[in-house]
Amino acid sequence: MQKINPTTPAPAGTSLATTALDSVATISSATPPSASGSNARSKSSERGNSSGPAYAASKQQQQQPQQQQEETTSSCKQQELQHEQPIAIHYLASFHEICVVTALLPLVTLFTCFVTAYIFQYDDVHETHCRVYNIIPSISAITGVSPQRYFWRASIALHIGPRIPIAFVYKNYYRAQLARLAPSLVPKTSWLISLILVLNCIEIAALGGVTYISNRENYPVHERIFITFMVCSLCYMLATIHLNDILNARKTLSAQQIQSIKWKKILFVVSILSTIGLLVFFAKHRFYCHDLAFSWFAFFEYLIAIANMLFHFTIIWDFPSQFMLIVQGPRENLTQYLAAKPKSN
């Protein structure tokens with residue numbers, strides 16, 4: 001390259017632009033290496049400073065997969081721990097047997113109290129305010145003397161315990177059958193199911209009341225609780241029969257279901273007729289003191305009690321093969337286990 005002396009004029013044919021470019025190139029080539037290095041470091045530092053946020057963003061993007069991987073690993077460990085805790089069954093009992101024992105317990109106890117009180121405490125159980133001749137003592141009389149009183153109270157305590165969960169089992173059993181009804185019938189039927197549950201619970205509470213508040217201790221309270229028991233019992237029977245007619249209107253019933261519904265209706269009729277007879281002879285005994293009026297009153301009282309017990313005993317046809325169990329395990333495993341089982345309506 002030709003160096004141009006600033007004092008020497010430019011040769012002919014050389015443009016001013018070329019001369020300027022050559023001078024710039026000469027100046028740049030004359031720059032010291034230290035200056036160029038410093039310029040390069042300054043440029044690289046500028047590039048580093050300008051690329052700082054981008055580097056932080058890329059670093060965050062690299063950390064996100066790591067965090068996701070750690071979360072996935074922890075969830076897998078939790079699932080493994082859950083799978084390592086299998087479902088353990090601590091108690092398994094036949095629901096059929098529980099219902100049989102629950103229904104027969106007061107019936108057997110009532111018969112035992114009647115026989116023992118009639119043989120060993122005849123005068124005590126036949127005492128009435130009219131002081132007329134009677135041959136059949138009332139339920140309140142045979143369960144109000146000692147030691148029959150304690151035997152009867154213990155029996156009713158064991159009877160009431162299982163009846164409370166049985167009432168809720170019936171509620172869920174009936175609600176599971178609402179799916180096959182017409183949509184217009186569902187609200188009315190659902191309300192009827194709730195009513196049956198309430199009547200059943202009141203009946204159970206009234207049974208405990210007439211048992212633990214005897215007529216000798218507090219007759220007015222005992223009488224009112226007994227009336228509550230009678231009314232709720234009859235309403236419960238009627239509502240249950242009506243509900244079964246609604247749920248089974250378009251269903252082919254099994255032999256056990258037919259047997260259950262038939263005996264429910266028979267026992268309800270027996271209870272209604274016995275209630276009418278009880279009221280008639282109670283009035284004759286209370287207001288007229290007729291002979292044997294109290295015996296007839298007691299006879300219909302036994303019929304009502306037995307019909308009520310047998311009405312609840314029909315549960316053996318409603319739940320012939322169910323089981324009651326107590327299990328242990330993670331809630332998710334239990335939910336999956338129960339959801340995987342087929343449900344029958």
Side-chain angles (χ1 to χ4, degrees), residues 106-153 155-156 159 199 202-238 263-313:
L107 183 62
V108 174
T109 305
L110 184 65
F111 177 77
T112 305
C113 292
F114 179 83
V115 172
T116 55
Y118 200 88
I119 295 175
F120 300 106
Q121 295 159 303
Y122 184 87
D123 294 334
D124 293 336
V125 297
H126 285 90
E127 182 182 357
T128 62
H129 75 282
C130 290
R131 300 186 181 277
V132 294
Y133 178 70
N134 289 296
I135 58 174
I136 302 178
S138 65
I139 295 178
S140 300
I142 64 173
T143 59
V145 295
S146 180
Q148 288 84 353
R149 143 184 337 117
Y150 308 112
F151 187 35
W152 174 250
R153 290 179 178 180
S155 172
I156 293 300
H159 170 78
L199 290 173
I202 295 176
E203 178 189 340
I204 295 171
L207 176 60
V210 296
T211 300
Y212 294 99
I213 303 176
S214 65
N215 59 344
R216 297 189 178 188
E217 296 173 351
N218 195 330
Y219 180 79
V221 175
H222 178 87
E223 184 180 27
R224 288 179 176 84
I225 297 176
F226 178 75
I227 293 173
T228 303
F229 172 80
M230 291 289 302
V231 173
C232 291
S233 175
L234 294 175
C235 292
Y236 169 79
M237 292 181 180
L238 180 60
W263 278 104
K264 280 183 172 68
K265 293 180 179 179
I266 292 173
L267 294 169
F268 174 70
V269 173
V270 171
S271 297
I272 288 291
L273 296 178
S274 299
T275 301
I276 295 173
L278 181 141
L279 294 175
V280 170
F281 285 101
F282 179 78
K284 289 184 177 182
H285 167 71
R286 174 60 68 87
F287 301 110
Y288 303 103
C289 289
H290 288 177
D291 289 341
L292 298 177
F294 189 77
S295 296
W296 281 106
F297 164 82
F299 172 76
F300 286 114
E301 186 182 26
Y302 284 109
L303 283 182
I304 292 172
I306 294 172
N308 179 270
M309 296 176 193
L310 294 179
F311 187 92
H312 292 287
F313 188 72

### Query
Should the heavy atoms of other residues, nucleotides or ligands under 6.0 Å from OH of Tyr288 be counted, would the total exceed 12?
no

Flag side-chain contact, heavy atom, 4.5 Å: [X] against [Y]:
X	Y	answer
Phe268	Leu238	yes
Glu203	His312	yes
Ser140	His222	yes

### Message
Test side chain to side chain contact (heavy atoms under 4.5 Å, CB included) on Thr109 and Thr143; report intermediate values, then the result.
### Response
CA-CA 10 Å; Thr109 305; Thr143 59; over 6 Å; no

Enter the distance from [X]:[atom1] to [Y]:[atom2] here, rounded to the nearest 0.5 Å.
X	Y	atom1	atom2	answer
Glu223	Ile213	CD	CD1	13.5 Å
Trp152	Thr211	CH2	OG1	6.0 Å
Met309	His159	CE	NE2	7.0 Å
Ile156	Leu207	CD1	CG	4.5 Å

Partners meeting side chain to side chain donor-acceptor pair (under 3.5 Å) with [X] (sequence neighbours left out):
X	result
His126	none
Gln121	Gln148
Asn215	none

Side-chain polar contacts of residues 272-287 - donor-acceptor pairs under 3.5 angstrom, sequence neighbours left out - could you list them?
from	atom 1	to	atom 2	distance (Å)
Ser274	OG	Val270	O	2.7
Thr275	OG1	Ser271	O	2.6
Arg286	NH2	Tyr219	OH	2.7

Would you be so kind as to tabulate the donor-acceptor pairs closer than 3.5 Å made by side chains of residues 290-297, with sequence neighbours excluded?
from	atom 1	to	atom 2	distance (Å)
Ser295	OG	Asn134	OD1	3.3
Ser295	OG	Ile135	N	2.8
Ser295	OG	Ile136	N	3.3

### Message
Test side chain to side chain contact (heavy atoms under 4.5 Å, CB included) on Phe114 and Tyr302; report intermediate values, then the result.
### Response
CA-CA 11 Å; Phe114 179 83; Tyr302 284 109; 3.2 Å; yes

### Message
Show the nearest heavy-atom pair for residues Leu267 and Leu310, with the distance to one decimal.
### Response
CD1-C, 3.4 Å

### Task
Please name the pair of heavy atoms, one in Arg216 and one in Asp124, separated by the smallest distance, quoted to 0.1 Å.
NH2-O, 3.1 Å

### Message
side chain to side chain contact (heavy atoms under 4.5 Å, CB included), that's the test. Do Phe151 and Thr112 meet it? Break it down for me.
### Response
CA-CA 9 Å; Phe151 187 35; Thr112 305; 3.7 Å; yes

Please output the side-chain donor-acceptor pairs of residues 227-236 that fall under 3.5 Å, not counting sequence neighbours, one pair per line with the distance.
from	atom 1	to	atom 2	distance (Å)
Thr228	OG1	Arg224	O	3.0
Ser233	OG	Asn308	ND2	2.7

